[in-house]
Amino acid sequence: MFIRNILSAVVAIAACTSITPVDASAASPSLTANNFESTIADGATFVKFYSPDCQHSQKLAPTWEWLAIEHKDWQRTKGFKFAEVDCLEQGDLCENYDIVTYPTMQLFYKGKSVTRYNARRTNEKLSEFIAAQAAEYINAPANLDRKEVGEVKINALGKVVALDEESYDRRTEFGPWLVEYYAPWCGHCKALAPIYEELAMALKGKVNVAKVDCTVNESICPLPSSQSLLSTLRTSGVVRMFPLSFLTMPTPSPRSLPPLKSNPKSFTNRSTSTLLLIPSLSANSLPRSLL
């Protein structure tokens, strides 16, 4: 009986050791100069550049493996994936991306480097980082049931996000969002900027806070539903009154909120989300339930 138990344990260990490397390899494939650019060209890719001889790289290895396997479904549901590069084998590739220390963890979105991870290399800190980045660069397939996407972090970093024509639809689908539509030349917009940054931190984890530059993103700047306001706010398709701030709620169940200022106007954007105009914005003007 004792020998049988020992043999069962050995078989179980052998099975685990044979499966785990395969899972890790699939969850975080090793890239070369031949497939690096094609791999990072699609969606968001979190890449570990490492040296197998480096003690810090060796220490990170089990954490990285756990991270990649734990979130392996994100490539299908969020458009977020993991990969790694052995800089001893791919020295020229690492040099091309200015990798001078090991390990270096770098996030790419659609082929471009967007940020490097510089915090502590723990499961907790790395999990927080990738959750925030997966929300920022989310690209859920249109035909995917939104329940499968899972949790999408709300304003995880407590900062104002710049939305553009590429990111607007894919990000605001997962709300709620407070969006300021502004112009860089607008004096009122400039005055609002520091207040808006403070507000974003106050709404950390509760409401996403964003801004849209209407001088370069005309197609996503909102049209008022009231024709009487149309001539006031828009001329030749360009929003002229700045800043405009809206609170968007995900459909199909928009929540009604208490007035933020006297007589706020209702608007709808090109999707079906409900928005509210906030003529002048401050932290005190928001419902306390949001703060």
What residues, two or more places apart in sequence or in another chain, satisfy side chain to side chain donor-acceptor pair (under 3.5 Å) together with Glu148? Arg76

Please determine whether residues Ile99 and Leu93 belong to a single hydrophobic cluster, defined as Ile, Leu, Val, Met, Phe, Trp and Tyr linked transitively by side-chain heavy-atom distances below 4.5 Å. yes

What pair of heavy atoms forms the shortest contact from Glu218 to Glu165, and how long is it? N-OE2, 3.9 Å

Sequence neighbours excluded and cut-off under 3.5 Å, please list the side-chain donor-acceptor pairs for residues 49-57, or say none.
{"unit_1": "Ser51", "atom_1": "OG", "unit_2": "Asp53", "atom_2": "N", "d": "3.3"}
{"unit_1": "Ser57", "atom_1": "OG", "unit_2": "Ser51", "atom_2": "N", "d": "3.4"}
{"unit_1": "Ser57", "atom_1": "OG", "unit_2": "Ser51", "atom_2": "O", "d": "3.4"}

Counting only heavy atoms not in Asp42, do more than 12 sit closer than 6.0 Å to its CG atom? no

Any Cys221 side-chain heavy atom under 4.5 Å of Val212 side chain: yes

Heavy-atom check, side chain of Gln75 versus side chain of Phe82, under 4.5 Å: no

Any pair with a residue in residues 78-107 that passes salt bridge (Lys or Arg N to Asp or Glu O under 4.0 Å), sequence neighbours left out, goes on the list, sorted by first then second residue, please. none

Quick test of your reading: applying disulfide (SG to SG under 2.5 Å), list the pairs with at least one residue in residues 106-140, sequence neighbours left out, ordered by first then second residue. none

Give every donor-acceptor pair under 3.5 Å between a side-chain atom in residues 120-132 and any protein atom, sequence neighbours left out.
{"unit_1": "Thr122", "atom_1": "OG1", "unit_2": "Lys125", "atom_2": "N", "d": "3.1"}
{"unit_1": "Ser127", "atom_1": "OG", "unit_2": "Asn123", "atom_2": "O", "d": "2.6"}

Which residues pass the side chain to side chain donor-acceptor pair (under 3.5 Å) test with Thr77, sequence neighbours left out? none

Residue Glu197 excluded, over 12 heavy atoms near CD under 6.0 Å: yes

Can you pull the disulfide (SG to SG under 2.5 Å) pairs that have at least one residue in residues 95-178, sequence neighbours excluded? none

Salt-bridged, Lys72 to Glu70, with N to O below 4.0 Å? no

Pairs in or reaching into residues 100-110: which pass salt bridge (Lys or Arg N to Asp or Glu O under 4.0 Å), with residues at least two apart or in two chains? Lys110-Glu166

Are Leu192 and Val160 joined in one hydrophobic group, where the rule is that I, L, V, M, F, W and Y side chains link up if heavy atoms are under 4.5 Å apart? yes

Taking the side chain as everything from C-beta on, heavy atoms only, tell me whether Leu144 gets closer than 4.5 Å to Val149. yes

Contacts of type side chain to side chain donor-acceptor pair (under 3.5 Å), residue Gln90, not counting sequence neighbours: none

To the nearest 0.5 Å, what is the distance between OH on Tyr109 and CZ on Phe80? 12.0 Å

Looking only at non-hydrogen atoms, find the nearest pair between Lys190 and Pro184 and report the distance. CE-O, 3.0 Å

Can you confirm whether Tyr196 sits close enough to Leu178 that some side-chain heavy atom of one is under 4.5 Å from a side-chain heavy atom of the other? yes

Transitive ILVMFWY side-chain link Trp64 to Trp66, under 4.5 Å: yes

Where is the tightest heavy-atom contact between Ile154 and Val207, given as atom of each residue plus distance? CG2-N, 3.5 Å

Under 3.5 Å, is there a donor-acceptor pair between the side chain of Asn155 and the main chain of Leu203? yes

Residue pairs meeting disulfide (SG to SG under 2.5 Å), one or both in residues 136-185, sequence neighbours left out, come to none

Qualifying residue for side-chain contact (heavy atoms from CB on, under 4.5 Å) with Lys48, from Thr104, Val85, Leu60: Leu60

Do Met105 and Phe46 come close enough that some side-chain heavy atom pair is under 4.5 Å? yes

Residues Glu136, Lys153: salt bridge by 4.0 Å N-O rule: no

Ignoring hydrogens, what is the shortest heavy-atom contact between Ser38 and Asn35? Give both atom names and the distance. OG-O, 3.0 Å

Keeping the roles fixed (side chain from Arg170, backbone from Tyr168), state whether a donor-acceptor pair exists under 3.5 Å. no

With no hydrogens and no angle check, just 3.5 Å: does a side-chain donor-acceptor pair link Ser167 and Asp164? yes

Nearest heavy-atom neighbours spanning Pro141 and Arg146: O-NH1, 2.9 Å

With no hydrogens and no angle check, is any side-chain donor or acceptor of Trp74 less than 3.5 Å from a backbone partner on Ala68? no

Check whether Leu107 and Tyr117 end up in the same hydrophobic cluster, where Ile, Leu, Val, Met, Phe, Trp and Tyr are linked by side-chain heavy atoms less than 4.5 Å apart. yes

About how many Å separate CG of Leu157 and NZ of Lys204, when rounded to the nearest 0.5 Å? 7.0 Å

Using only atom types and a distance under 3.5 Å, with no angle test, would you say the side chain of Asn208 pairs donor to acceptor with the backbone of Pro176? yes

Starting at OG1 of Thr115, measure out to CG of Asn118 and round the result to the nearest 0.5 Å. 7.0 Å

Between Thr215 and Ala183, which heavy-atom pair has the shortest distance, and what is it? CG2-CB, 3.9 Å

Worked check of side-chain contact (heavy atoms from CB on, under 4.5 Å) between Val209 and Val161: CA-CA 6 Å; Val209 180; Val161 175; over 6 Å; no

Please collect all ring-ring contact (aromatic ring centres under 6.0 Å, His included) contacts where either partner lies in residues 86-105, sequence neighbours excluded, each pair once. Phe36-Tyr97, Tyr97-Phe108

In one Ile/Leu/Val/Met/Phe/Trp/Tyr side-chain cluster, 4.5 Å: Ile40, Val114: no

Disulfide (SG to SG under 2.5 Å) contacts touching residues 59-120 (sequence neighbours left out): Cys87-Cys94

